[in-house]
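The structure displayed is predicted, hence computed values, not measured ones.
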Amino acid sequence: VQLQASGGGAVQAGGSLNLSCASSGRTFTDYALAWFRQASGKEREYVAAISWGGSTYYSDSVKGRFAISRDNAKNTVYLQMNSLKPEDTAVYYCGARAYGSAWYPEKEYEYWGQGTLVTVSS
């Protein structure tokens, strides 16, 4: 499974971006998919996840502002980010875990995209 993240860019606070992560290779219908981010000088942190059954999970810092979704026909997971804040500035990574029916910690994600940079200015 190879993942390709896209959709990052520069936006002003309060703006929106929609990230995409497409998979090449096998279909990921039964995968858990997630977004993580890493700000400069900080460790990578969990943002949002979606199980193969469609259950969603969010970190407290993005709950109510971000929405994760998946389109299995397109082998793509999305992260709609609204009401962006400067503290959302980071490189965003997508991850995939086979047979993912629930929420999983970062270490259990087997496949990773290359990251896409999101910069939010005040």
Side-chain angles (χ1 to χ4, degrees):
V1 175
Q2 292 185 326
L3 303 177
Q4 180 73 37
S6 62
V11 64
Q12 290 190 329
S16 298
L17 283 173
N18 189 26
L19 305 184
S20 299
C21 178
S23 167
S24 61
R26 65 159 288 174
T27 180
F28 58 32
T29 302
D30 54 354
Y31 279 57
L33 305 166
W35 289 95
F36 295 82
R37 67 186 181 187
Q38 187 169 20
S40 180
K42 296 186 178 181
E43 294 186 351
R44 189 159 60 186
E45 65 175 1
Y46 159 78
V47 175
I50 184 167
S51 71
W52 66 264
S55 297
T56 57
Y57 309 87
Y58 297 95
S59 69
D60 288 342
S61 62
V62 307
K63 198 172 296 183
R65 300 188 298 121
F66 291 11
I68 188 170
S69 61
R70 63 192 296 164
D71 185 336
N72 290 335
K74 296 182 178 180
N75 280 348
T76 301
V77 59
Y78 304 96
L79 185 68
Q80 177 65 44
M81 305 187 295
N82 300 322
S83 302
L84 283 162
K85 304 175 181 180
E87 51 264 44
D88 295 319
T89 294
V91 177
Y92 283 71
Y93 299 89
C94 55
R97 180 196 187 279
Y99 308 112
S101 59
W103 180 90
Y104 301 94
E106 179 183 344
K107 63 181 180 180
E108 293 200 24
Y109 281 82
E110 304 160 275
Y111 306 100
W112 293 90
Q114 84 291 357
T116 185
L117 177 63
V118 172
T119 303
V120 184
S121 59
S122 57

Tabulate below the donor-acceptor pairs under 3.5 Å that side-chain atoms of residues 4-17 make, not counting sequence neighbours, or state none.
| from | atom 1 | to | atom 2 | distance (Å) |
| --- | --- | --- | --- | --- |
| Ser16 | OG | Asn82 | OD1 | 2.9 |

Are Val47 and Tyr58 packed together at the side-chain level, in the sense that at least one heavy-atom pair is separated by less than 4.5 angstrom?
no
All heavy atoms of Ala96 vs all of Tyr31, minimum pair found to be CB-CD2, 3.7 Å
Step-by-step side chain to side chain contact (heavy atoms under 4.5 Å, CB included) determination, Asp88 to Arg37
CA-CA 9 Å; Asp88 295 319; Arg37 67 186 181 187; 2.9 Å; yes
If hydrophobic residues (ILVMFWY) are linked whenever their side-chain heavy atoms come closer than 4.5 Å, directly or via other members, who joins Tyr46 in its cluster?
Phe36, Tyr57, Val91, Tyr93, Trp103, Tyr104, Tyr109, Trp112, Leu117
Return the set of residues passing side chain to side chain contact (heavy atoms under 4.5 Å, CB included) with Ser24 (not counting sequence neighbours), or none when no residue passes.
Gln2
Side chain to side chain contact (heavy atoms under 4.5 Å, CB included) with Ser83: which residues, sequence neighbours excluded?
Arg65
Using a 4.5 Å cut-off on heavy atoms from C-beta on, say whether the side chain of Phe66 contacts that of Leu79.
yes
What one should report as the nearest heavy-atom pair of Ser69 and Ile50 is CA-CD1, 4.0 Å
Mind checking side chain to side chain contact (heavy atoms under 4.5 Å, CB included) for Thr89 and listing every partner two or more places apart, or none if nothing turns up?
Thr119, Val120
To the nearest 0.5 Å, tell me how far Ser23 OG sits from Arg70 CZ.
10.5 Å
Side-chain contact test, heavy atoms from C-beta onward, threshold under 4.5 Å: evaluate it for Tyr92 versus Gln38 and give yes or no.
no
Do the side chains of Lys63 and Asp60 get close enough for a salt bridge, i.e. N-O under 4.0 angstrom?
yes
Search all heavy atoms of Leu19 against all heavy atoms of Met81 and return the closest pair with its distance.
CG-CE, 3.7 Å
Under a single-linkage definition using a 4.5 Å side-chain heavy-atom cutoff for Ile, Leu, Val, Met, Phe, Trp and Tyr, are Leu84 and Tyr78 assigned to the same hydrophobic cluster?
no
Sequence neighbours excluded, which residues qualify as side chain to side chain contact (heavy atoms under 4.5 Å, CB included) partners of Glu110?
Arg97, Ala98
Within one Ile-Leu-Val-Met-Phe-Trp-Tyr cluster: Leu3 and Leu33, side-chain cutoff 4.5 Å:
yes
Short question: side chain of Thr76, backbone of Lys74 - any donor-acceptor pair under 3.5 Å?
yes
Could you please spell out the steps behind the side chain to side chain contact (heavy atoms under 4.5 Å, CB included) verdict for Trp35 and Ile68?
CA-CA 8 Å; Trp35 289 95; Ile68 188 170; 3.7 Å; yes
